[in-house]
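The structure appears right after this line, and notes come after that.
First the proteins, then the strands, lettered A, B, ... as listed; each starts at 1. These numbers were taken from a predicted model, which means no experiment stands behind them.
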Number of protein chains: 2
Amino acid sequence: MTASGTPVRQSSVRAHNLALVLRTVANSADRPSRAAISLATGLTRATVSALVDDLIAGGLLTEHDPAPRTGAGRPAAGLALSPSGPAGLGLEINVDYLAACVVDLTGDVRHRFVTQGDQRPLSPSASLASLGGLALQALEAASADGLAIAGAALAVPGLVAPNGIVRVAPNLDWQDVDAPALFNVLPGLSDLPITVDNEANLAALGELWADGGEQSFLYVSGEIGIGAGIVLGGELYRGGRGWSGEIGHVTVYPDGRPCRCGANGCLEQYAGQEQIAADADLAASALGIALAGVINLLDISVIVLGGTYATEFPRLRAGIEAELARRVLTAGLAPVTLRAAALGPDAAMRGAAGAVIQELIDDPAAFLMRTP
Amino acid sequence: MTASGTPVRQSSVRAHNLALVLRTVANSADRPSRAAISLATGLTRATVSALVDDLIAGGLLTEHDPAPRTGAGRPAAGLALSPSGPAGLGLEINVDYLAACVVDLTGDVRHRFVTQGDQRPLSPSASLASLGGLALQALEAASADGLAIAGAALAVPGLVAPNGIVRVAPNLDWQDVDAPALFNVLPGLSDLPITVDNEANLAALGELWADGGEQSFLYVSGEIGIGAGIVLGGELYRGGRGWSGEIGHVTVYPDGRPCRCGANGCLEQYAGQEQIAADADLAASALGIALAGVINLLDISVIVLGGTYATEFPRLRAGIEAELARRVLTAGLAPVTLRAAALGPDAAMRGAAGAVIQELIDDPAAFLMRTP
DNA sequence: GGGATTTGTTTATTGGTTGAATTATTTGGA
DNA sequence: TCCAAATAATTCAACCAATAAACAAATCCC
């Protein structure tokens, strides 16, 4: 018998509603009152009060003085995510740099550490040890601010299995690297929960959570390889095995240039980092052809270009848009938005830290349970 | 302020758990007992008993005698979906036929009506009137069986807006047709709730609910046009505006044959119905190239071929698989399954009826509320 | 200063699940 | 034949969380 779904008990009701209230505060532009939350969520004021009390006691929300006087009535106490609440540690390993950042509950980047350096000659454990050094610096800086780190997430340029093992990262020359195990073995980092994810996936999440991020878009990251993160309805789509987004090996010219993957005419052979420098027009056209296919298939109306594509955006835009106008079936019915990534090269690291924060916001009950 | 999500009250808990129990019975191969459901869902036996009582009273479940004696103890009463419970009416309009079927709660097709005839010369209201005739026959046949029809769903070969208006159906020459309004205006059908959806989408759902249907796959329907339904994790992905799946206009050869959509080298120009007849190898190769792109992007491991592709499957298979082997990045790590649609040409109609049934199974509380 | 108004809390009630005890119905062994 | 063991289903008191309505708090406006 296949049991799908899980039962709902009263405690799940509370967990759901705690998350609902916290999310409402997080998504709010101003500092909402309990009454405003009640109106927005449909919960009664009494229930909202009870839930807010728990969230304040747990250090996730803070109460502020009422800022603007508006009309009659008792002034409302403004609620906001607590900047001194649990924070997330975002980590990134890429071909030519390591990075770490501390992001608090409100989404502010509190600390940021980057070290340049080619990782290709180093072993995975050497790279992860260097990264561990950065992580310790970040932990120390966070601790000096009175911030507790709830967890860490690591962005890597490769295919990652659900258990955090990096199956293959071609440009780092990694194969079957158990990144969480190698990271947690370092002194001082043994009990820091860490998740690992693909760089483009996390960068896409970073863009999703950045100011003005759309709910559905395709994030395309042009590094040495080309990866994509697919965000549908505010959620990252990971695919059956977590290997979605390999847009670099979508065929553009069936009988075109041979690719290192064995096929011919892959996008990567026309719109990779080197190819952009050599012939920007060809890169834009190839990218446009591939993106049009994605749009026809997924009915996505926003494309976000990251990595090298973000810096080269002015040179690529016209060429891409020309192909989209020609090849997207519904181009006449509704426009496609093409824009550069708002976070630039920090997107993946920011997304990683954000993923830790988001997990807290999506399930505050689990956090409150851990720290009573 | 953007309120995302909805509050959970106690009644939602019951609604959720009613659905959980019903789904558990529906997905079960045998006839589970209350105790088995309790084990599978995690709900207590007391709760399951209470929920099952409601579902039996509402006519959704039936209790059967225990079939096999196994070990000691009081024999278990087997529960199953009621074949005399509410049924779904599946409707389909296509270029050269109209179809209707009645599917009961258990998924059995109880009645099936098809009339051949070219719809292209007819106006939308004329086609829908003919379909109404079929629908009335189906309603009568269902009524003779003592079956109540809970609702209807209509499959059309075109882009459908969320409100049921057919924006465009190129091969029927429809534009902005308010299908629900035209259908409900017919005598005897005025109070039958009807939803409208794309033919490939509903066919994909039909395959999902057929015996042995996978949870994630791409359904490709080769009719005069080429459409696709994307099923991810047991759910149909509709895209931001409900216009996903336009795989027919994915570019295969950027400088290839001109397409009626204005672009060059669309899949439809190489793997449409006429092209298969003319050159099956070319059709298979083009299809393989496009599908490889989808797999790289979405990490989908099952492709289901429907419509003409299902009947031509033996002639196409090798050619498609050759391109997949060459062009799918992870082909070496995990195999891609390619198969013909199990339901053949009935897939869309069956999927439409199934959609009505599935809505009942997903939210039995709404149905029980309506008919106390 | 008093009424109007809005915010937030208190309290009794209700809906729904839980867990333990109870009843029901079979198999198997003395 | 009869009784213990085993499994299925029901009954009932307890509990948890949300609700509705009354109440207290704090401001504005006249």
| request: Please tell me which of the listed nucleotides, C:dT17, D:dA18, D:dA8, lies nearest to the side chain of B:A35? | output: D:dA8

| said: Can you see if the side chain of A:N17 gets near the phosphate of D:dA17 - specifically, an N or O under 4.0 Å from OP1 or OP2? | reply: no

| query | Rounded to whole angstrom units, what separation is found between the CG atom of B:L61 and the P atom of D:dA9? | reply | 13 Å

| message | Test side-chain contact (heavy atoms from CB on, under 4.5 Å) on B:L51 and B:R14; report intermediate values, then the result. | response | CA-CA 8 Å; B:L51 294 168; B:R14 189 158 194 86; 3.8 Å; yes

| Rounded to whole angstroms, how far apart are CG on B:D53 and C1' on C:dT17? | 15 Å

| message | Please report the distance, rounded to the nearest Å, between CG in B:L79 and C1' in D:dA9. | response | 11 Å

Enumerate donor-acceptor pairs with a distance under 3.5 Å from any side-chain N or O in residues 76-83 of chain B to protein atoms, sequence neighbours excluded.
unit_1: B:S82; atom_1: OG; unit_2: B:S84; atom_2: N; d: 3.2
unit_1: B:S82; atom_1: OG; unit_2: B:S84; atom_2: OG; d: 3.1
unit_1: B:S82; atom_1: OG; unit_2: B:G85; atom_2: N; d: 3.2

| said: Is there a side-chain contact (heavy atoms from CB on, under 4.5 Å) between A:S301 and B:R241? Walk through the geometry before answering. | reply: CA-CA 9 Å; A:S301 57; B:R241 291 156 302 207; 3.9 Å; yes

| note | B:L43 CG to C:dT18 C1', in whole Å, measures 11 Å

| query | From the list D:dT27, D:dT10, C:dG8, which nucleotide is the closest neighbour of the side chain of A:A77? | reply | C:dG8

| Phosphate OP1/OP2 of C:dT9: any A:R34 side-chain N/O under 4.0 Å | yes

| said: By the 4.0 Å heavy-atom rule, please label A:S33 as base, sugar-phosphate, or nothing. | reply: sugar-phosphate

| Residue B:A46, side-chain heavy atoms: nucleotide from C:dA20, C:dG8, D:dA17 that is nearest | C:dA20

| message | From CG of B:D54 over to P of C:dG15, roughly how many Å is that when rounded to an integer? | response | 14 Å

| query | Any idea which heavy atoms bring A:L91 and A:A152 closest together, and the distance? | reply | CD1-CB, 4.3 Å

| message | Side-chain N or O of A:S49 versus OP1/OP2 of C:dT9: is the shortest distance under 4.0 Å? | response | yes

| message | Run the side-chain contact (heavy atoms from CB on, under 4.5 Å) test on A:I300 and A:L232 for me, step by step, so that the C-alpha distance in whole Å, both residues' side-chain angles and the decisive distance to 0.1 Å come before the verdict. | response | CA-CA 8 Å; A:I300 278 181; A:L232 305 175; 3.8 Å; yes

| said: Could you tell me how far apart A:L368 (CG) and D:dA17 (C1') are, to the nearest whole angstrom? | reply: 16 Å

| message | In whole Å, I'd like the distance from the CZ atom of A:R14 to the C1' atom of D:dA18. | response | 9 Å

| query | Rounded to the Å, how far apart are A:E63 CD and D:dA26 P? | reply | 12 Å

| task | Output yes when at least one side-chain N/O atom of B:S11 is less than 4.0 Å from OP1 or OP2 of C:dG16, else no. | result | no

| message | Quick check on DNA chain D: between A:R45 and A:A72, whose nearest nucleotide comes earlier from the 5' end? | response | A:R45

| message | Using only modelled atom types and a 3.5 angstrom limit, is any donor from either the side chain of B:R74 or the base of D:dA8 paired with an acceptor on the other? | response | yes

| request: Ignoring backbone atoms, test whether A:T44 places a side-chain nitrogen or oxygen under 4.0 Å from the OP1 or OP2 oxygen of D:dA20. | output: no

